[in-house]
There are 2 protein chains.
Amino acid sequence: VKAVVVGAGSWGTGFARLLADRGHEVTLVCRDPAHAATIAETGRNPRAAGDVALDGIAADSRVPAGADLYALAVPSAAFSRVVARLPEGGPVLSLTKGLDPETGGRLSTLVRGRPVAVLSGPNMAEEVAAGLPSAAVVASEDDELSVELQHAINSTVFRVYVNSDLVGVELCAAAKNVIGLAAGGVDGLGAGDNAKAALITRGLAEMARLGEACGARPETFAGLAGMGDLIVTCWSRLGRNRRAGELIAQGSSPADAVAAIGHVVEGLTTAPVLRDLAGRLGIELPITEGVCRVLEGDDLGELAASLMGRRPRGE
Amino acid sequence: VKAVVVGAGSWGTGFARLLADRGHEVTLVCRDPAHAATIAETGRNPRAAGDVALDGIAADSRVPAGADLYALAVPSAAFSRVVARLPEGGPVLSLTKGLDPETGGRLSTLVRGRPVAVLSGPNMAEEVAAGLPSAAVVASEDDELSVELQHAINSTVFRVYVNSDLVGVELCAAAKNVIGLAAGGVDGLGAGDNAKAALITRGLAEMARLGEACGARPETFAGLAGMGDLIVTCWSRLGRNRRAGELIAQGSSPADAVAAIGHVVEGLTTAPVLRDLAGRLGIELPITEGVCRVLEGDDLGELAASLMGRRPRGE
């Protein structure tokens, strides 16, 4: 397979490595020509994933036409622009975890006139790049495409399962980053692991409620793209959204948190988009709502205290 | 309420503190008269929870009769013996997370002739004792008892929700310790957070399959007693089962791991009991089966490698 990976962040870079290890012909595309030249010359991507050897992988600042697969690992805010400029060629595989900030739509719906699939799961890029084992799901409305991609990507270290619930997988991927911010907030407050586990449990229930309202399948939320990705996002020290929530709870502004992390923090983009979506759907997402309020300047300590003071009831 | 807590391990001690903080009259019972005397004299329980101030809590080595509530926080292997010798008095609340090793039965079924409820959730004893916030569920076939207990125990730091699925709550509490051993194994192998998240996700699916076969409600497995307790068990540094699995993966014998931890590790008792139960029910619990094999001496590294080499399929 001739594959193009657009977006040379840590996950795009790691995914390019996975594809090349499976014997595919891979081009990694980044916006900046100087960055592409560095990757091509040195076989390394010092900006996002300096440890990953990129030998055998081409680098370019323009997206080559005619490839068999276009994997997009760009920020959600750039997804629609990148898709609009994609040259002729094979299917699109979205690796991006978010929603379109303009419309609140699922990212796969921005892809027109060619088949599209998404890949998601508990896949911290740094671990995948280090050759540690991971599992993911691929989802598409086109079942044949899912199976083709499964066979093209699956390896002994990166296990790929097919999930036919595209809507659920995309909603999980977007919403888990917002719950990750909240879980980081629990860490930042020093509230402990019990509190964090309770928050994550309610967070998954909130994600499943959103999914139900959008026609997703409940099992997806209990699977790798749902619970699996959520818990690694909320618990791994590597999680950017978790870390951003922790910094914000300790007094950083969201902008300072992003600057300290040095990478895109998707949950910050996704939280207000999800709140709007919930409003349109007429459902309540209390954790997402709390995250939005804290991002707007509300005091996290007061919010947490008010939650603990509520009257007890059924689970 | 006049309450007796039987079992002065870390959770019995922490729970006695919670009840006393709610204004109840509490007696903490431990097997060893000398230990009871130490607790009574010093107001501390140095063996299990030295940091917890036990002022206002009585200590005894015999179980006093006529209390309004008997909370049992004893090892699962001792539960049936303790229940058989309970004096006359009020309902039993089980805090023990396991199954009866003799029969494989749920612990609440060992209680005869008086109302019984269970309490479970992501409640690492050390954090509860430190006054950090937690949430739990109380479950019983007697809904009135559940609500009474909810109101007697709930506080601003310890949130209690009612769950009417007694079977599901007890199965979750038992099975999560076995998954915790496996998650510790992932840590011990250094396989990373992605792999651990995938294992925990499959672990919850396995727990839910067991629950379904026993007539439990699926929602319970997605709630505090299921997913909530599972993730804290598998991820907190404080988790004994996780720690035991880590030590065993690094070469310790199970007995050495228990000795190093210095407390009961319930998953070691529960794993073979669950395997037998699965056999009687005709269901497969592959993670539990793997844990049993490793405890019997199989090589964990080989087991993990064979899992990663299987043919890919649907999720």
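Within every chain, numbering begins at 1; the chains are lettered A, B, ... in the order of the sequence lines, protein sequences first and strands thereafter. Atom set for the values below is all heavy atoms of this structure, side chains included, hydrogens, waters and symmetry mates excluded. The structure presented is a predicted model; accordingly, all values stated were derived computationally and were not measured.
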Undergrad: Using a cut-off of under 4.5 Å for heavy-atom pairs, which of A198(B), S236(B), A305(B) has the most such pairs with chain A?
TA: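 Of the options given, most contacts go to S236(B).
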
Undergrad: With a 6.0 Å cut-off (strictly less than), is the heavy-atom count around CG of D51(B), excluding the residue itself, greater than 12?
TA: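 For D51(B), atom CG is not crowded (no more than 12 foreign heavy atoms under 6.0 Å).
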
Undergrad: Can any side-chain N or O of E127(A) pair as donor or acceptor with the backbone N or O of D193(B) at less than 3.5 Å?
TA: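 Yes, the answer is positive, given that a donor and an acceptor are paired below the 3.5 Å cut-off.
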
Undergrad: For R237(B), is it the side chain, the backbone, both, or neither that has a heavy atom closer than 4.5 Å to a heavy atom of chain A?
TA: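 Answer is backbone: N, CA, C or O of R237(B) sit under 4.5 Å from chain A.
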
Undergrad: Pick whichever of A191(B), A195(B), G192(B) has the most heavy-atom pairs under 4.5 Å with chain A.
TA: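 So the answer, after comparing A191(B), A195(B), G192(B), is A191(B).
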
Undergrad: Within the side chain of E315(B), is there an N or O that forms a donor-acceptor pair under 3.5 Å with the backbone of G223(A)?
TA: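 Absent.
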
Undergrad: Given heavy-atom pairs under 4.5 angstrom as the criterion, report whether the side chain, backbone, both or neither of L224(B) touches chain A.
TA: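 L224(B) touches chain A through backbone and side-chain heavy atoms alike.
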
Undergrad: Over all heavy atoms of both residues, which pair between N194(B) and V232(A) is shortest? Give the atoms and the distance, please.
TA: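 Nearest pair, atom of N194(B) first, then V232(A): OD1-CG2, 3.9 Å.
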
Undergrad: With a strict 4.5 Å heavy-atom criterion, list every residue of residues 129-143 of chain A that contacts chain B, or say none.
TA: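 Contacts with chain B: L132(A), P133(A), S134(A), A135(A), V137(A).
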
Undergrad: Is V157(A) close to chain B through its backbone or its side chain, or both, or neither, when contacts mean heavy atoms under 4.5 Å?
TA: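 Contact with chain B involves the backbone of V157(A) alone.
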
Undergrad: Please evaluate residues K196(B) and I231(A) with respect to the criterion side-chain contact (heavy atoms from CB on, under 4.5 Å), reporting the C-alpha separation (whole Å), side-chain torsions for both, the decisive distance (0.1 Å), and the verdict.
TA: CA-CA 9 Å; K196(B) 193 157 104 169; I231(A) 59 181; over 6 Å; no

Undergrad: Under a 4.5 Å cutoff for heavy-atom pairs, which residue among L199(A), V186(A), V147(A), I200(A) has the most contacts with chain B?
TA: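 Max contact count across the listed options: I200(A).
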
Undergrad: Does CD in E212(A) sit with more than 12 non-hydrogen atoms of other residues, nucleotides or ligands closer than 6.0 Å?
TA: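 No, CD of E212(A) has 12 or fewer neighbouring heavy atoms, counting only those of other groups under 6.0 Å.
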
Undergrad: Taking side chain as everything from C-beta outward and backbone as N, CA, C, O, which of these in L230(B) sits under 4.5 Å from a heavy atom of chain A? Side chain, backbone, both or neither.
TA: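 It is the side chain, since no backbone atom gets that close.
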
Undergrad: Tell me whether the count of non-hydrogen atoms from other residues, nucleotides or ligands lying under 6.0 Å of CZ in R106(A) goes above 12.
TA: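 More than 12 heavy atoms, drawn from other residues, nucleotides or ligands, come within 6.0 Å of this atom.
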
